[in-house]
2 protein chains.
Amino acid sequence: MLKSATNRIDGQKHSMAKRIEQALLEEIGTGDLGPGQRLDETGLARRFGASRTPVREALSRLAAQGILVQGEKRGVFVAEYSREELSQIFEAMHEIEAACARIASQRLTLLSRSEIEAAQAACVAAAESGDRPQYLRANESFHLAIYRATGNPYIAEIASEFRRRTGPFRAKKFETRDDLLASARSHEELINDIFSEDSATASRSMRSHMTASFLETLKAN
Amino acid sequence: MLKSATNRIDGQKHSMAKRIEQALLEEIGTGDLGPGQRLDETGLARRFGASRTPVREALSRLAAQGILVQGEKRGVFVAEYSREELSQIFEAMHEIEAACARIASQRLTLLSRSEIEAAQAACVAAAESGDRPQYLRANESFHLAIYRATGNPYIAEIASEFRRRTGPFRAKKFETRDDLLASARSHEELINDIFSEDSATASRSMRSHMTASFLETLKAN
DNA sequence: TGTCACAATTTTGTATACAAAAAGAAAAGC
DNA sequence: GCTTTTCTTTTTGTATACAAAATTGTGACA
């Protein structure tokens, strides 16, 4: 086994630990790793061709962000939430997202407008071709673009964190091509309301978007 | 050196890594470890009588929470923010804390009322005796009690996280006994407005509390 | 004096080893 | 049959070793 600190045999720029963290995040985001699934250190180490040390670091960091939970029984698990907990998480997201929409609408620049539009275009394209993984990524970019438009990386980070945490649950509601198209369409309204630069409208619109998203998520879980 | 997984020679219930994390959090919260200060793995390992492994885990988790930053230059540092960044962080806190106050005022129970009152009593006591470290803890408890009163652990966690991040900066504004007394007094208004169970008033009151806190923090840094 | 090269040192990331704890399985008792 | 007890296996937490990278120090040379 290589002992190189930064194993670059496959052209990655990050350390092994960061790469594992990213890879797990991706798999959790797409729902490949579902809620409640157990992650065993040795298995992951073997899978990534690394030792337990970097795996451990990745798991520990993901647990610190609430994406994984450890220690309830034995092992580390993808966080699994009851309906009650899910409802609380969405309430929290509700608040953050509404704040993001409000602030974004107040600080909108030409750049952030075009970023949001570009992300939305990608959403529509992915939805029309029915490419689920691509849509998931595009949808993520769309919301990230709104967060970034606040000009406040700290709020943006919190919002992203909640998005990552709820990823595996939200992922389940995107099954058919129509699900993707419906989601993409619901973005349009939101965009209009944020671009209106009326912060109250923007905030209200995001709240209604989030409520709808929550209800669909509940149905799918 | 002992190889025991859970070194309990000094009657601690947690693993070494968690203990180190807690200890560092405490030192950062009180300002003993100031912003920008470097934390070297080997040194900490020696200090805690452990190896680099658990130190590394603690640092990594604290970094994942944004309390430490790593990799800018060499080493891990207590996060240090410019005025611009501090202002953005406080803007984010502003939103979260206002949401907390609003929700708390809507869901107030007898239990959470009494928890808030008890914490405030401890604040007043510590302020009057001019016990700075004790006041810092009591103040923390006071705000945590408000967060808990939302009944939503996820919002509460985000709010706590911001509180921890800004801890070393806010700590600097508590120097004299009068600082402590002034802070304790400002809690009274806030309590009244939250206990009024009018959510708009509660939210507005928290915003003004946060604005004041921000201005004082800026002055002290 | 400044700057470039290169050697010495420190710091990081990872691998591996191992002991304690926990979980699971098998055996003994009632 | 159902508990309890003891033995085995797995899993965790930590220590230690080591190589690659980064930093610092040092001296040659212009």
Side-chain angles (χ1 to χ4, degrees), chain A residues 1-25 33 36-65 67-80, chain B residues 1-25 33 36-65 67-80:
Chain A
M1 184 63 54
L2 266 172
K3 289 205 173 184
S4 139
T6 52
N7 179 349
R8 295 186 191 180
I9 44 172
D10 41 9
Q12 298 274 351
K13 56 187 181 306
H14 290 305
S15 71
M16 195 47 109
K18 296 253 171 73
R19 272 172 53 199
I20 295 173
E21 187 180 342
Q22 273 311 112
L24 291 178
L25 214 43
L33 279 171
Q37 183 138 356
R38 184 166 180 278
L39 296 172
D40 100 287
E41 294 180 0
T42 345
L44 290 172
R46 215 149 8 99
R47 232 189 84 198
F48 289 103
S51 78
R52 272 178 56 221
T53 312
V55 171
R56 213 134 198 299
E57 194 170 319
L59 295 181
S60 178
R61 294 177 65 105
L62 291 172
Q65 294 177 232
I67 292 158
L68 303 179
V69 280
Q70 54 193 156
E72 304 200 338
K73 331 179 185 182
R74 214 75 200 310
V76 182
F77 301 82
V78 179
E80 185 172 36
Chain B
M1 182 62 56
L2 264 172
K3 289 204 174 183
S4 137
T6 51
N7 179 348
R8 295 187 189 178
I9 43 173
D10 42 8
Q12 298 273 351
K13 57 189 177 309
H14 289 308
S15 73
M16 194 49 108
K18 296 253 171 73
R19 273 171 51 198
I20 295 173
E21 187 181 341
Q22 272 312 112
L24 290 178
L25 214 43
L33 278 172
Q37 181 137 356
R38 183 165 181 279
L39 296 172
D40 101 287
E41 294 180 359
T42 349
L44 290 172
R46 214 150 5 99
R47 233 189 82 196
F48 288 102
S51 79
R52 271 178 58 222
T53 312
V55 171
R56 213 134 198 296
E57 194 171 318
L59 295 181
S60 178
R61 294 178 63 104
L62 290 171
Q65 297 180 129
I67 292 158
L68 304 178
V69 277
Q70 53 191 153
E72 304 200 339
K73 331 178 182 182
R74 214 74 199 309
V76 182
F77 302 83
V78 179
E80 185 173 37

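Throughout, a chain's letter reflects where its sequence line sits, starting with A, and its residues are numbered from 1.
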> Closer than 4.0 Å, any side-chain N/O of B/Arg52 to the OP1 or OP2 of C/dT12?
Replying inline: no
> Rounded to whole angstroms, how far apart are CZ on B/Arg19 and C1' on D/dT14?
Replying inline: 13 Å
> Taking CE from A/Met16 and C1' from D/dA19, how many angstroms apart are they, rounded to a whole number?
Replying inline: 15 Å
> Stepwise, does the side chain to side chain contact (heavy atoms under 4.5 Å, CB included) test hold for B/Val76 with B/Leu62?
Replying inline: CA-CA 10 Å; B/Val76 182; B/Leu62 290 171; over 6 Å; no
> Taking atom P of D/dT12 as reference, at what distance in whole Å does atom CD of A/Glu41 sit?
Replying inline: 5 Å
> Does A/Thr53 make a side-chain N or O approach to OP1 or OP2 of C/dT14 shorter than 4.0 Å?
Replying inline: no
> Whole-Å distance between D/dA21 P and A/His14 NE2?
Replying inline: 16 Å
>> Expressed as a whole number of angstroms, how long is the span from A/Asp40:CG to D/dG13:P?
In response: 13 Å
> Got more than 12 heavy atoms from elsewhere within 6.0 Å of CZ, B/Arg46?
Replying inline: no
> From the list D/dA15, C/dT14, D/dT12, which nucleotide is the closest neighbour of the side chain of A/Ser15?
Replying inline: C/dT14
> Between A/Leu24 and A/Leu59, is a side chain to side chain contact (heavy atoms under 4.5 Å, CB included) present by the stated rule, with each step listed?
Replying inline: CA-CA 9 Å; A/Leu24 291 178; A/Leu59 295 181; 3.8 Å; yes
> Considering only D/dT11, C/dT14, D/dT14, which nucleotide approaches the side chain of B/Arg56 most closely?
Replying inline: C/dT14
> Can you check the B/Glu21 CD to D/dT14 P distance for me, whole Å?
Replying inline: 12 Å
> Checking side chain to side chain contact (heavy atoms under 4.5 Å, CB included) for the pair B/Leu44/B/Ile20: CA distance, chi angles, key distance, verdict?
Replying inline: CA-CA 9 Å; B/Leu44 290 172; B/Ile20 295 173; 5.7 Å; no
> Nearest to the side chain of A/Arg74, which nucleotide is it out of C/dA22, D/dT14, C/dT14?
Replying inline: C/dA22
> Tell me: CG of B/Leu44 to P of C/dT12, nearest whole Å?
Replying inline: 11 Å
>> Between C1' on D/dA15 and CD1 on B/Ile20, what's the gap in Å once rounded to a whole number?
In response: 12 Å
> Between C/dG13, D/dT12, C/dT16, which one does the side chain of A/Ser51 approach most closely?
Replying inline: C/dT16
